[in-house]
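To keep things clear, I will list the structure first and then write my remarks on it.
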Amino acid sequence: MHYPDTKLPKVGTTIFTVMSQLANEAGAINLSQGFPDFDGPEFLRKRVAHYIEHGANQYAPMTGIPALREAIANKTERLYGRNTCAESEVTVTSGATEALFAAIAAVVQAGDEVIVFDPAYDSYEPAIELNGGRAVHLALPPPSFNIDFEQLKAAISDRTRMIIINSPHNPTGAVLSAQDLDTLAEIVRDSDILLLSDEVYEHIAFDGQPHQSLLRHDELAARSFVVSSFGKTFHTTGWKVGYCVAPAPLSAEFRKVHQYLTFSTVTPVQLALADMLNEQPEHYLELPEFYQQKRDLFCELMAGSRFTFEKTAGTYFQLMDYSAISDLPDTEFCRWLTTEAGVAAIPISVFSESPMDTRLVRFCFAKSDETLRAAAAKLCEI
């Protein structure tokens, strides 16, 4: 039998899986894949157990448990000043990655172009290609990794269906400013271009900077799918629960896809998350300080190493330059770092169509202080 040709010829096993597996094999400290090595809030975990034991184990509504959608709408208004309709504009999804795929599949048609900014999270382009579109890659120039808006204007064509924004940005940690949102609004104002805003690290912006969600901006919100993640916010990445906020017409199209991807998301976790948002909002309000302390600790510990860096502005990732250590390409350096130095990191080149001429790797500092101290000790010995 002849098997069909692959629909994703450029796609193999993700770098996150590869590096985590290599870290396990080498017994290395895993600062590669972006997950905490500590647990989520006790209150939240107990509420999940409560709902499991009290029979909340059947299908949730396709769009999400009403109490959770209402809590999300309330949070959106409280943080970003946007009056959001829980019934028609909020959809709960099985992780942010599902929401990103559903948004792209809902509106991208054969021949459409979608602009992405490199380095870019690796799920964007496969979703675009599976839906017949073409990813147009624009580089975020180091060291700031800010959007070049003149380059963006030049890249827009009559085929441009969507622009994907990610702030705080994975893997660089760059954040959008209020002025950036105004400039973006000017660029798309007289067009039908849609925006997909990946805001899974919305509560992890540092040094007193408020997160500039597209939901703060009336013009942008009117044409945007805004995606977020409870896994990042509540240290529970394995639960895979996210959500999308979008205007009712876009949400209606989004839901047509969502209902045939996963239909609904795990019921007891949704109910527990609603309780968490309503009863302990201080958790996400205090998250920037929580992770800033970890960022500062890791950077302080690494100050004596041969790596060079500027403190990240957001996310729980820190880029570091290894130019003073090795001339190896970043993928080879990360393999060496894992097997020989005992610490796993992620190479930045894998996030770009055309890798930049840099020597940068990404470390995850969403780890216990003990883990960070142990990893930094190994890295400082290089």
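Worth knowing before you read on, the calculation uses all heavy atoms, side chains too, and leaves out hydrogens, waters and symmetry mates.
Side-chain N or O atoms of Y124 include none that pairs as donor or acceptor with a backbone N or O of A135 at under 3.5 Å. One N or O on the side chain of T160 and one on the backbone of S157 form a donor-acceptor pair closer than 3.5 Å. The backbone N or O of A56 lies less than 3.5 Å from no partner atom in the side chain of T267, so there is not a single donor-acceptor pair. Remark: side-chain polar atoms of H235 are not paired, donor with acceptor, to backbone N or O of P41 under 3.5 angstrom. Although no hydrogens or angles enter the test, the distance criterion places a donor-acceptor pair under 3.5 Å between the side chain of H54 and the main chain of H50. The backbone N or O of P171 sits nowhere less than 3.5 Å from a side-chain atom of R362 that would complete a donor-acceptor pair. No donor-acceptor distance shorter than 3.5 angstrom exists from the side chain of S224 to the backbone of V226, with no hydrogens or angles considered. In terms of modelled atom types and a separation under 3.5 Å, the side chain of D118 and the main chain of A139 share no donor-acceptor contact. Side-chain atoms of Q212 do not come within 3.5 Å of backbone N or O of S177 as any donor-acceptor pair. Between the side chain of Y80 and the main chain of H211, no donor-acceptor pair closer than 3.5 Å is present.
Pairs of residues two or more places apart, or lying in two chains, that qualify as salt bridge (Lys or Arg N to Asp or Glu O under 4.0 Å) and include a residue from residues 127-153 are K10-E129, E113-R134, E150-K153. Judged as a salt bridge (Lys or Arg N to Asp or Glu O under 4.0 Å), the pairs with a partner in residues 269-284 (not counting sequence neighbours) are, in order, R47-D275. Residue pairs meeting the salt bridge (Lys or Arg N to Asp or Glu O under 4.0 Å) criterion with at least one member in residues 231-254, sequence neighbours excluded, are E253-K256. Listed by first then second residue, pairs satisfying ring-ring contact (aromatic ring centres under 6.0 Å, His included) with a partner in residues 128-187 number zero, not counting sequence neighbours. Within the structure, the salt bridge (Lys or Arg N to Asp or Glu O under 4.0 Å) test picks out the following pairs touching residues 160-184 (sequence neighbours left out): D112-R161.
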For residues 369-382, which side-chain N or O atoms pair as donor and acceptor with protein atoms under 3.5 Å away, sequence neighbours left out?
residue	atom	partner	partner atom	Å
D369	OD1	K294	NZ	3.1
T371	OG1	D37	OD2	2.6
T371	OG1	S368	OG	2.9

Exercise answer: donor-acceptor pairs, residues 90-97 side-chain atoms, under 3.5 Å, sequence neighbours excluded:
residue	atom	partner	partner atom	Å
T91	OG1	R255	NE	2.8
T93	OG1	G95	O	2.9
T93	OG1	G242	O	3.3
S94	OG	T265	OG1	3.0

Using atom types as modelled, flag every donor-acceptor pair under 3.5 Å from a side chain in residues 332-348 to any protein atom, sequence neighbours excluded.
residue	atom	partner	partner atom	Å
T338	OG1	C334	O	2.8
T339	OG1	R335	O	2.9

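Here E202 pairs with K75 in a salt bridge; the nearest charged N to carboxylate O distance falls below 4.0 Å. Ion pair D192/R223 not flagged as a salt bridge, since none of the NZ, NE, NH1 or NH2 atoms sits closer than 4.0 Å to an Asp/Glu carboxylate oxygen.
Residues V116 and L130 do not share a hydrophobic cluster, clusters being chains of Ile/Leu/Val/Met/Phe/Trp/Tyr side chains in contact below 4.5 Å. Under the 4.5 Å side-chain heavy-atom criterion for grouping Ile, Leu, Val, Met, Phe, Trp and Tyr, V361 is connected to Y316 within one hydrophobic cluster. Under the 4.5 Å side-chain heavy-atom criterion for grouping Ile, Leu, Val, Met, Phe, Trp and Tyr, L79 is connected to F234 within one hydrophobic cluster.
Between F206 and F365, the ring planes are tilted. Angles from 30° to 60° get that label. Ring-plane geometry between F263 and Y59 is classed as perpendicular, the angle between the planes exceeding 60 degrees on a 0 to 90 degree scale with a lower cut at 30.
Remark: P66 pairs with P61, R69 by the side chain to side chain contact (heavy atoms under 4.5 Å, CB included) rule, at least two apart or across chains. Residues that satisfy the ring pair (Phe, Tyr, Trp, His ring centres under 6.0 Å) test with Y3, not counting sequence neighbours, are absent from this structure. In terms of the ring pair (Phe, Tyr, Trp, His ring centres under 6.0 Å) criterion, residue partners of F307 (sequence neighbours excluded) are, by chain and number, F363. Taking the side-chain hydrogen bond (donor to acceptor under 3.5 Å, both in side chains) definition, one finds that N278 meets it with nothing, sequence neighbours left out.
You'll find the ring centres of F317 and Y121 outside the 6.0 Å limit.
Within a 6.0 Å sphere centred on CD of Q179, heavy atoms belonging to other residues, nucleotides or ligands number 12 at most. The neighbour count for E310 CD, taken as heavy atoms of other residues, nucleotides or ligands under 6.0 Å away, does not exceed 12. More than 12 heavy-atom neighbours from other residues, nucleotides or ligands sit within 6.0 angstrom of CD on E186.
For the 3.5 Å distance criterion, the side chains of N170 and T315 fail to qualify, holding no donor opposite an acceptor. In the model, S197 has a side-chain atom that pairs as donor or acceptor with a side-chain atom of E199 under 3.5 Å.
At least one test fails for K46 against the ring of Y51: distance under 6.0 Å to the centre or angle within 45° of the axis.
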